[in-house]
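Remember, it's a predicted structure, so these values are computed and weren't measured experimentally.
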Amino acid sequence: MKTTDDLTVAGRRVFVRADLNVPLADGTITDDGRIRAAVPTIRGLLDAGARVVVASHLGRPKGAPDPAYSLAPVARRLGELLGQDVAFAADTVGDSARETVAGLADGQLALLENLRFNAGETSKDDAERGAFADQLAALADAYVGDGFGAVHRKHASVFDLPARLPHAAGGLIATEVGVLKQLTEDVARPYAVVLGGAKVSDKLGVIDHLLERADRILIGGGMAYTFLAAQGHEVGDSLLQSDQIPAVQEYLRRAEEKGVEFVLPVDVIAAKEFPDLRTKAPAGPIEVAADAIPAGLQGLDIGPRTQELFAAKVADAATVFWNGPMGVFEHPDFAEGTRAVAQALVDSPAFTVVGGGDSAAAVRLLGLDENGFGHISTGGGASLEYLEGKTLPGLAALED
């Protein structure tokens, strides 16, 4: 695919589809990682004399304006990071957007309001989506796709718009794809994968694909309890997807057949109730064996012996991919498992990739040095679908 070096941008309106979908609390950005990741491509275009029109979604509004999902706070933070004013359009393709873009001079930028305030952005109807893409295309002379966290979505600004303008991939997408190719095409071995998160059903596709590629797969988080139950262990009141047990048993059988090592928790940190994430009040953590969690307790993190086990399993790896926290990392009583895994990746000499989403959020929330990892992805869902071997609409649209 082409890069921004292949586009003539000086004096032209360049539409940059970024991923600025950041978490907000009462209008305050709590993690600006995705905004910071978008800055290099935007800065490069501005320095080259482009008139940059940035667009993104934020959250899941219902196809109509909703102040709770406004990108206004993002415009302010983007301006701070770039060190220049960001003109903010109060709509996506209406009068404000047209006037704001028309007022740009070379080296200036505007941010459109949340793309998902228009139902055409996410519509499953090709004509409705295409009509919105036509309106967006009228605002620009060229298109740069740089929102990796959205490339697995067949949305107007991601899939339909590139077909209407000269287009190229931004630096962020080029980097993300290059890293993912290192995880799929020419992997340095041993290749260890650490998977966590709440539901095993969210990871079935990637596990299926990794059984053909990984040397060992470490399972933590809420999904671990379905694996433990599939081995016949008691999991108490822990999160359990019993309907997925047959699939998990089949994966364990295939792994043994192919010589892929599955590593499950040997101890967990449990509690009687799910913790209050708002007050962070003490939750009464109890350390128990992973193969005999008592009734009335739910596992909420991996225990200290599992932390040591997982660290040992990545210590001699040449490549490590991590997606999904080991527990309820937002609460201090259940954050140590995720912290230990993240620190093990930092300490490992391997090429380490953090697969976006909650894993990337945990790295920042827990205060780890982001430079200690080989790569931190901006797209959890997109990374997983790429590793599953799926065609991602936003990447396909950037191919010539």
Are [X] and [Y] side-chain neighbours, meaning at least one heavy-atom pair lies under 4.5 Å?
X: Val54; Y: Leu109; value: yes
X: Pro23; Y: Ile29; value: no
X: Asp160; Y: Arg164; value: yes
X: Glu261; Y: Ile217; value: no
X: Leu112; Y: Thr100; value: no
X: Leu58; Y: Leu20; value: no
X: Leu136; Y: Phe15; value: yes
X: Asp19; Y: Phe148; value: no

Do other residues, nucleotides or ligands put more than 12 heavy atoms under 6.0 Å from [X] [atom1]?
X: Asp186; atom1: CG; result: no
X: Glu80; atom1: CD; result: yes
X: Asp85; atom1: CG; result: no
X: Arg189; atom1: CZ; result: yes
X: Lys280; atom1: NZ; result: yes

What's the shortest heavy-atom distance between [X] and [Y], and which atoms?
X: Asn21; Y: Ser56; answer: N-OG, 3.9 Å
X: Ala360; Y: Val354; answer: N-CG1, 3.8 Å
X: Leu211; Y: Val260; answer: O-CG2, 3.6 Å
X: Asp358; Y: Phe329; answer: O-CZ, 3.8 Å
X: Gly49; Y: Asp106; answer: O-CB, 3.5 Å
X: Met223; Y: Gly220; answer: CG-O, 3.2 Å

Electrostatic pair [X]-[Y], nearest N-O below 4.0 angstrom:
X: Asp202; Y: Lys199; answer: no
X: Arg129; Y: Glu121; answer: no
X: Lys2; Y: Glu399; answer: no
X: Arg17; Y: Asp146; answer: no

Is [X] reaching over with its side chain to a backbone N or O of [Y], donor-acceptor style, under 3.5 angstrom?
X: Thr319; Y: Ala188; result: yes
X: Ser348; Y: Val314; result: yes
X: Thr41; Y: Gly171; result: yes
X: Asp6; Y: Thr3; result: yes
X: His155; Y: Arg153; result: no
X: Asp31; Y: Ala361; result: no
X: Gln241; Y: Val200; result: yes
X: Ser123; Y: Glu128; result: no
X: Arg216; Y: Lys313; result: yes
X: Arg116; Y: Gly59; result: yes

Margin query: Enumerate the ring pair (Phe, Tyr, Trp, His ring centres under 6.0 Å) contacts for residues 176-235, please, sequence neighbours excluded, ordered by first and then second residue.
Written below: Phe227-Phe262
Checklist line | side-chain hydrogen bond (donor to acceptor under 3.5 Å, both in side chains) contacts in which one or both residues fall within residues 247-258, not counting sequence neighbours | finding: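 Sorted pair list: Asp208-Arg254, Glu212-Arg254, Glu212-Lys258, Glu250-Arg253, Arg253-Glu257.
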Note to self: Per the side-chain hydrogen bond (donor to acceptor under 3.5 Å, both in side chains) rule, what does the pair list look like for residues 293-312, sequence neighbours excluded?
What the structure shows: Asp267-Thr306
Notebook entry, point to check: Got a second to check how far Asp66's CG is from Phe117's CZ, nearest 0.5 Å?
Noted result: 6.0 Å
Check: Between Arg36 and Glu370, does a salt bridge (Lys or Arg N to Asp or Glu O under 4.0 Å) hold up when you go through it step by step?
Finding: CA-CA 12 Å; Arg36 288 188 284 112; Glu370 295 182 45; 3.3 Å; yes
Margin query: Could you tell me if Gln182 and His375 have a donor-acceptor pair between their side chains, going purely by distance under 3.5 Å?
Written below: no
